[in-house]
Amino acid sequence: MASSPKVKRTTKPRDGVQNLLRSQKDAYARLLNQHQNGKFRSYLQELAKQQVEESMSTSVSRSVNVVSRRKKGNSESSYSVDSLSSQQSRQIADASICLYTDKTSYQVTCTEDQGIKPGMQEKHAIMELHKATAPKKVPSKLQHKRNEKDIKMSSNLMGSEEGDSQQLSCSCGEEQAKNKSKKRLKGNLAKKDEGECGPEVDLIIAGKSPNKNIKSSQIQASKESLPQNNKDKGTKGGRGFRKQLFEHYMCTEDVSAGLERGELIKGVLRINPKKYMEAFVPSPDGSADIFLDGIAARNRALNGDDVVVKVLPSEQWKAPDVIVEAHYNEDDEVIGKMKNVSLHDKGNGFYCRYNVTDNSVVFIFEQKHSRAASGFLKFLPNKNFAMFSPVDHRIPRVNLPLADCPADFVSRPGDYENTLFICRITHWPADNNFAEGRLAKTLGQAGEIEPETEGIMTEYDVDFSEFSEEVLNCLPQDLPWSIPAHELSRRRDLRKECVFTIDPATARDLDDALSCKQLSDGNFEVGVHIADVSYFVEEGSVLDQIAGKRATSVYLVQKVIPMLPRLLCEELCSLNPLTDRLTFSVIWKLSPEGKILSEWFGRTVICSCIKMSYDHAQSMIEAPDKHFSAEELPPCSPNHRIHEIQEAILDLHNIAKQLRAQRFEGGALQLNQVRQTRLQSGHLLYHQQLAILRRHPPPQSKMVDDLQEFCDQMGLDIDFNSSGGLHRSLNENLGGDEYAAARREVLTHMCSRAMQMASYFCTGALKDENSFHHYALNVPLYTHFTSPIRRYVDVIVHRLLAASLNCGPPLSLSIEEVHKLASHSNDRKTASKRVQELSSELFFAVFVKECGPLDSEAMVVGVLDQSFDVLVLRYGVQKRIYCNSLEGLKAVHFHKVGKKPEMTLVWEQGDPSKESTQQEISIFTLLDVQLKADGAPMKYSAVLKRPSAFV
């Protein structure tokens, strides 16, 4: 083996690459055209009508938290470990097509691969699916309508409010224990044994930060009979003895006391999308993550839930290397995942634990997960319930009544093998690995873009319904609308100034504009003008309520789900050219070097003179001496010459370069990919105790230390002492060859894993002002201001700014309400980001299916014991390659040299007389891979080409 020849990496030119790319782009253009605007909009309109009809005839109850004892028979969770989803991105663009994907977010799982543990095998497994003797058919539209009618009829069995007294028994059709009255429930809560809170109850606390006395009104308690003593490990509710699989949740008093003593940790649960057995909760000090091993440890909590975790005392910690993965999303600056964490020092706070038998979720503060999932139905012979198998393997399988299923599902289950459904979890008993739920909707055929998109949006609780008449009535009814004279008199009039917008060519919601003119003293007056959305969205109105609930617009590949009605986004507030519009403006007086000499904030009125695209502005920057004709640009106001606009853009570009250099010299950090540049400015507002700011904690210290050691070992001179030093290192110390950009992206990827999440907060809710700091931007105070059309937080900031300037009413919300609003905005921003990523993955999977297989070079970004992750350079996607799927692979040898993981692949030769070929795999290794569609809908995989393909 030692004498086996090493494969030398060579790069061969590929014939016909340009023709291949052109055909791929054309195919993708056809794909987009099939799903743009008209077709998809009509689909959603029809869907909205169906939802209105459904809401009039039935309402499906939400989660009913019930602790039930069951006869042990159902298996351990039958999740799959073969989820290969990756966060996709990269532009595939020419004059007619753009694939809008965000290259900055990838799934990197630095963890040892493992199969399902023997103890997790299904004891009461589905041995065989019932095969209908009748021939299979694809359900027609008429059949789907009938199916949904059946679902509606069965849904009438359920109440509409969470905690309704009706309780579904999905598993085996057996009756649940009878519901207790509120009086009886309170009595049980009050009973206490010595040193305990009495019988543990299945309860949820919603919405608020922990405090000493958590209000009992926040409790959603189980409505089953409570155990009579703590020794009882099962119930006999008419079904015999059942073993308890999950612990009951702690009572509120113990939770409050444990949090105050530091014995319990509160945080957001994150479940590894590629290894569902691994979950994490961030430690309070931000040093690392708390690791939860197994389904039992997370105690029926789902991804994104706000949970309380009980951790082992420090003397019981063990410190081997623990492979973990987390997902942090720093808005517009940092997007990444965590990496391998080595545990050798117990003195710096909470680290991941290996012995996690007692590290478990003991309380759920708030169910942030929607409890909805898309997936498939499985028929179970001789059972009066069906099995729902979610597409997302982090969600448990669900037992649901056959009455919810299509009418002919029992007789023809094969007809629905490829049909996508929506299921809502209503309950997860403590003695069952499977949850209970109700079937909510039939989506359509798996693999089709519209049903898959609806499933994604439903699972992440995106409200994509049309705005109601009540909401639309909040907007001006007399169209076309003009600014009232009394409103003009209250504002600074900038309509004669040279103001213009720069946006993507297809943008219709133009929410910001720029102006720049040189003064007689050589300085510049620079203005940023933002659509005054708060003028139209009155606080407390129905429109305001729906905007606050949505919190953000969601950008899919083929469509936008707006936060506000299109009349507002695209007409009343959009800064369309040659039209008077209301704005909130910030105007600075700047020196040529970018030093701020003075500033002014206030409400204004503008009239944009031209709508420019990024390409127009970039062409002016790249050809500063060129005289552009009117034919080369969009229609322009006759009051302003094209040369005047060009001079303003060039001045803005020069000032922006000065400000950007100062920003990074001052210690700012940017870990995202390069994108179109224009003037960036921070808008800060600190209004008493009600201000909404955006904070970004420093990276996890232990992970930074490990990454520094790895870079030192790789011979990379990376400065992790400050955000500015890290930024300079990433841009200056990675070489200048053709693969330098790829190495930079891989290393940026790794640095992002240690970054924590940026979040909105209310200044009155955080007492330590040092925690207000934004690490990536290296500024003490920061907030969002420039996108009120698509971000509700910006609307609140505008209201606060108007109140502080005495040009608007004071905000009527309390500190607690503002903080809750900020928390909700964080949740919706995270969900929106994930939906956008899944939309890109969906379209790229269709692209691979229609145009694949696709060949590309790839660079290794992570190495595990039986697999490795690669960044596919041509398409900007990141995929995992599993060694056991590689044909002709004889052996795999994995080892670590310090922090550097390495792998040796031993390939068999076609000629037995020849020696095996070895291939070395480590971080930054270049490989040739092929992307090809899998058999499952919307799935594709990356395959490593054998060494013989490139020797």
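Quick caveat: nothing in here was measured; it's all calculated off a predicted structure.
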Visitor: Treating Glu459 as the side-chain partner and Ala373 as the backbone partner, does any N or O pair qualify as donor plus acceptor under 3.5 Å?
Guide: no
Visitor: So does Gly862 get a backbone contact from the side chain of Asp869, meaning a donor-acceptor N/O pair under 3.5 Å?
Guide: no
Visitor: Within a strict 4.5 Å, meaning less than it, do heavy atoms of the Arg394 and Leu302 side chains meet?
Guide: no
Visitor: Please check if the side chain of Gln866 supplies one atom and the backbone of Tyr882 the other of a donor-acceptor pair under 3.5 Å.
Guide: no
Visitor: Can any side-chain N or O of Thr925 pair as donor or acceptor with the backbone N or O of Ile921 at less than 3.5 Å?
Guide: no
Visitor: With side chain to side chain donor-acceptor pair (under 3.5 Å) as the test, pick out the partner of Thr904 among Glu920, Gln919, Gln918.
Guide: Glu920
Visitor: Are Tyr940 and Phe844 close enough that their ring centres sit under 6.0 Å apart?
Guide: yes
Visitor: Closer than 3.5 angstrom, by distance alone: can the side chain of Ser839 be matched with the main-chain N or O of Val557 as a donor-acceptor pair?
Guide: yes
Visitor: Give the C-alpha distance, both sets of side-chain angles, the deciding distance and a yes or no for ring-ring contact (aromatic ring centres under 6.0 Å, His included) between Phe280 and Phe291.
Guide: CA-CA 5 Å; Phe280 315 92; Phe291 178 50; 5.6 Å; yes
Visitor: Can a donor-acceptor pair be found, under 3.5 Å and without considering hydrogens, that links the side chain of Arg946 to the backbone of Glu908?
Guide: yes
Visitor: So, using side-chain hydrogen bond (donor to acceptor under 3.5 Å, both in side chains) as the criterion, who are the partners of Gln713 when residues are at least two apart?
Guide: none
Visitor: Would you check, one step at a time, whether the test salt bridge (charged side-chain N to carboxylate O under 4.0 Å, His left out) holds for Glu841 with Arg834?
Guide: CA-CA 10 Å; Glu841 292 177 14; Arg834 185 57 183 148; 3.6 Å; yes
Visitor: In Å, rounded to the nearest 0.5 Å, how long is the span from CD of Glu902 to NZ of Lys896?
Guide: 11.0 Å
Visitor: Less than 3.5 Å apart, any donor N or O on the side chain of Ser941 or Asp934 sitting next to an acceptor on the other?
Guide: yes
Visitor: Is it true that a side-chain atom of Asn299 and a backbone atom of Val361 form a donor plus acceptor pair closer than 3.5 Å?
Guide: yes
